[in-house]
Amino acid sequence: MLHTPMDPVLLLLAFLGVPRLDVFPWPTPPPSESIAAAIRRLRAIGAIEDDGVNTEGARASSAVVRCTTLGYRLAALPVAPRY
């Protein structure tokens, strides 16, 4: 089974305006642990942030997110955001 790093994929989705990264209709869904870990990493580097819409009682990975100014800049680079 091939493994694709989810950080750049989820950053691109946030850049395109997808608000819920954990419920995107994937043709073949990646493991939920990979998505949750990528969302945590993107939050840690400041590329995405919670929109404040769905924070009460929600899991950390299920909140509505938006791309930050840094996230827009990182998404424009042809390099994975963790580098």
Side-chain angles (χ1 to χ4, degrees):
M1 174 176 262
L2 297 175
H3 174 73
T4 300
M6 295 304 299
D7 303 16
V9 176
L10 294 181
L11 180 59
L12 179 61
L13 289 175
F15 175 80
L16 294 173
V18 176
R20 294 279 312 269
L21 301 178
D22 60 331
V23 294
F24 185 78
W26 302 98
T28 304
S32 59
E33 298 84 23
S34 298
I35 294 175
I39 290 173
R40 280 193 306 271
R41 284 190 296 270
L42 290 172
R43 280 188 181 130
I45 64 172
I48 61 172
E49 64 185 7
D50 291 340
D51 202 13
V53 175
N54 188 16
T55 57
E56 194 170 320
R59 291 185 336 221
S61 65
S62 67
V64 175
V65 298
R66 64 182 179 90
C67 207
T68 62
T69 303
L70 175 64
Y72 284 114
R73 290 180 180 170
L74 290 173
L77 298 173
V79 179
R82 66 170 79 179
Y83 302 114

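The structure displayed is predicted, hence computed values, not measured ones.
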Asker: Which pair of heavy atoms, one from A80 and one from P8, lies closest together, and at what distance?
Answerer: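 Nearest heavy atoms, A80 then P8: CB-CG, 4.3 Å.
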
Asker: Are D50 and R43 ion-paired here, with the side-chain N under 4.0 Å from a carboxylate O?
Answerer: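 Between R43 and D50 there is a salt bridge, with a charged N closer than 4.0 Å to a carboxylate O.
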
Asker: Sort and list the pairs that fulfil salt bridge (Lys or Arg N to Asp or Glu O under 4.0 Å) and have at least one residue in residues 4-15, not counting sequence neighbours.
Answerer: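 Checked against salt bridge (Lys or Arg N to Asp or Glu O under 4.0 Å) - neighbours excluded - the pairs reaching residues 4-15 are D7-R41, D7-R82.
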
Asker: Less than 4.5 Å apart, any side-chain heavy atom of W26 and any of V9?
Answerer: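 Yes, at least one pair of side-chain atoms sits under 4.5 Å.
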
Asker: Less than 4.5 Å apart, side chain to side chain, heavy atoms only: is that true for M6 and P30?
Answerer: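 When only atoms from C-beta onward are counted, P30 and M6 do touch, with a gap below 4.5 Å.
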
Asker: Does any non-hydrogen side-chain atom of V65 lie less than 4.5 Å from one of E49?
Answerer: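 No, their side chains stay 4.5 Å or more apart.
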
Asker: Would you say C67 and L11 make side-chain contact, with heavy atoms under 4.5 Å?
Answerer: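 Yes, at least one pair of side-chain atoms sits under 4.5 Å.
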
Asker: So do the side chains of L10 and I39 get within less than 4.5 Å of each other, counting heavy atoms only?
Answerer: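 Yes; the side chains approach each other to less than 4.5 Å.
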
Asker: May I ask you to test the V18-L12 pair for a side-chain heavy-atom distance under 4.5 Å?
Answerer: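 Result no, sub-4.5 Å side-chain heavy-atom pair not found.
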
Asker: I35 and F15: same hydrophobic cluster, using ILVMFWY side-chain contacts below 4.5 Å?
Answerer: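 In one cluster with I35: F15, no.
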
Asker: Which value, rounded to the nearest 0.5 Å, describes the distance between L74 atom CG and L42 atom CG?
Answerer: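 One finds 8.5 Å between CG of L74 and CG of L42.
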
Asker: Calculate, to the nearest 0.5 Å, the distance between atoms OG1 and CZ belonging to T68 and R73 respectively.
Answerer: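 Reported to 0.5 Å precision, the distance equals 9.5 Å.
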
Asker: Suppose we screen for side-chain contact (heavy atoms from CB on, under 4.5 Å). Which residues come up paired with P78, at least two apart in sequence or across chains?
Answerer: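 Expected list: none.
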
Asker: Any chain of hydrophobic side-chain contacts (each under 4.5 Å) joining I48 to V23?
Answerer: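 No, it is not one cluster - the side chains of I48 and V23 are not joined through contacts under 4.5 Å.
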
